[in-house]
Amino acid sequence: MSEKEIILTPEGLKKLEEELEHLKSVKRREVAERIKVAIGYGDISENSEYDDAKNEQAFVEGRIITLEKMLRNARIINNEDVDLNAVSIGSIVTLKDMEFGDTVEYTIVGTAESDPFQNKISNESPVGKAILGKQKGSLVEVSVPAGTIQYEIIDIKK
């Protein structure tokens with residue numbers, strides 16, 4: 001069974017690599033020191049500091065494994081890969097809400113680097129799925145729990 005391809009922008013790749021390096025070089029050492037200090041408190045069978053440090057160690061090691069797997073399966077989308085004729089991963093898309101007239105700008109990214117608070121939406125999100133492959137001027141409908149939202153694609157850029 002092949003592993004799922006992780007689509008990243010160069011910025012997303014850099015961010016994941018930095019997180020991995022931080023976990024390996026800084027966080028591992030911090031957690032090891034916490035475990036060492038907690039062992040110094042004596043009996044580890046009823047030592048909450050030890051349990052907490054071991055849980056954090058498990059989390060850190062799990063995240064390292066996850067990041068390494070993501071980076072191993074990464075496909076980088078460069079600026080030159082972005083098509084200005086149709087929405088694709090890496091596109092910066094301006095949408096107009098047809099009901100309220102509001103406009104919003106989204107960057108379409110892979111799931112691993114989506115961040116709605118920075119207007120980076122996944123190609124697998126409802127809006128991302130609806131606009132992927134569509135051209136400037138297209139009307140798209142997005143199903144949301146409250147009903148359907150209709151958007152017009154105003155602009156596509158890199």
Side chains of Ser91 and Ile156: closer than 4.5 Å at any heavy-atom pair? yes
Looking only at atom types and distance, does a side-chain atom of Asp52 sit under 3.5 Å from a main-chain N or O of Ser48, one as donor and one as acceptor? no
Can a salt bridge be assigned to the pair Lys96 and Glu152 using a cut-off of 4.0 Å between side-chain N and carboxylate O? no
Find out if a path of hydrophobic residues (ILVMFWY) with successive side-chain heavy-atom gaps under 4.5 Å connects Val142 to Ile131. yes
Within the structure provided, determine whether Arg28 and Ile64 are in side-chain contact (heavy-atom separation under 4.5 Å). yes
Mind checking whether Ile7 and Glu5 have side chains closer than 4.5 Å, heavy atoms only? yes
Is the shortest side-chain N to carboxylate O distance from Lys24 to Glu68 below 4.0 Å? yes
Can you tell me which residue among Leu13, Thr9, Ile6 is in a side chain to side chain contact (heavy atoms under 4.5 Å, CB included) with Ile76? Leu13
Which residues pass the side-chain hydrogen bond (donor to acceptor under 3.5 Å, both in side chains) test with Glu19, sequence neighbours left out? Arg63
side-chain contact (heavy atoms from CB on, under 4.5 Å) assessment of Leu84 paired with Lys158: CA-CA 7 Å; Leu84 292 176; Lys158 293 183 182 186; 3.7 Å; yes
What pairs meet the salt bridge (charged side-chain N to carboxylate O under 4.0 Å, His left out) rule with one or both residues in residues 112-124, with sequence neighbours excluded? Lys4-Glu124
Val26 versus Leu23: any side-chain heavy-atom pair under 4.5 Å? no
Between the side chains of Ser122 and Thr111, does any donor sit under 3.5 Å from an acceptor? yes
With Val104 as reference, evaluate Val93, Asn119, Val127 under the side chain to side chain contact (heavy atoms under 4.5 Å, CB included) test and give the passing residue. Asn119
Do the non-hydrogen side-chain atoms of Asp97 and Tyr151 ever get within less than 4.5 Å of each other? yes
So do Leu20 and Leu71 actually touch side chain to side chain, heavy atoms under 4.5 Å? yes
Glu56: side-chain contact (heavy atoms from CB on, under 4.5 Å) partners, not counting sequence neighbours: Lys27, Val31, Arg34, Val60
Test: Glu11 and Lys15 ion pair at under 4.0 Å: no
Heavy-atom side-chain contact between Ile154 and Leu95 under 4.5 Å: no
Is Glu46 atom CD crowded by more than 12 heavy atoms from other residues, nucleotides or ligands, each under 6.0 Å away? no
Test item: Ile35 and Gln57 side chains (from C-beta on) under 4.5 Å apart, heavy atoms: yes
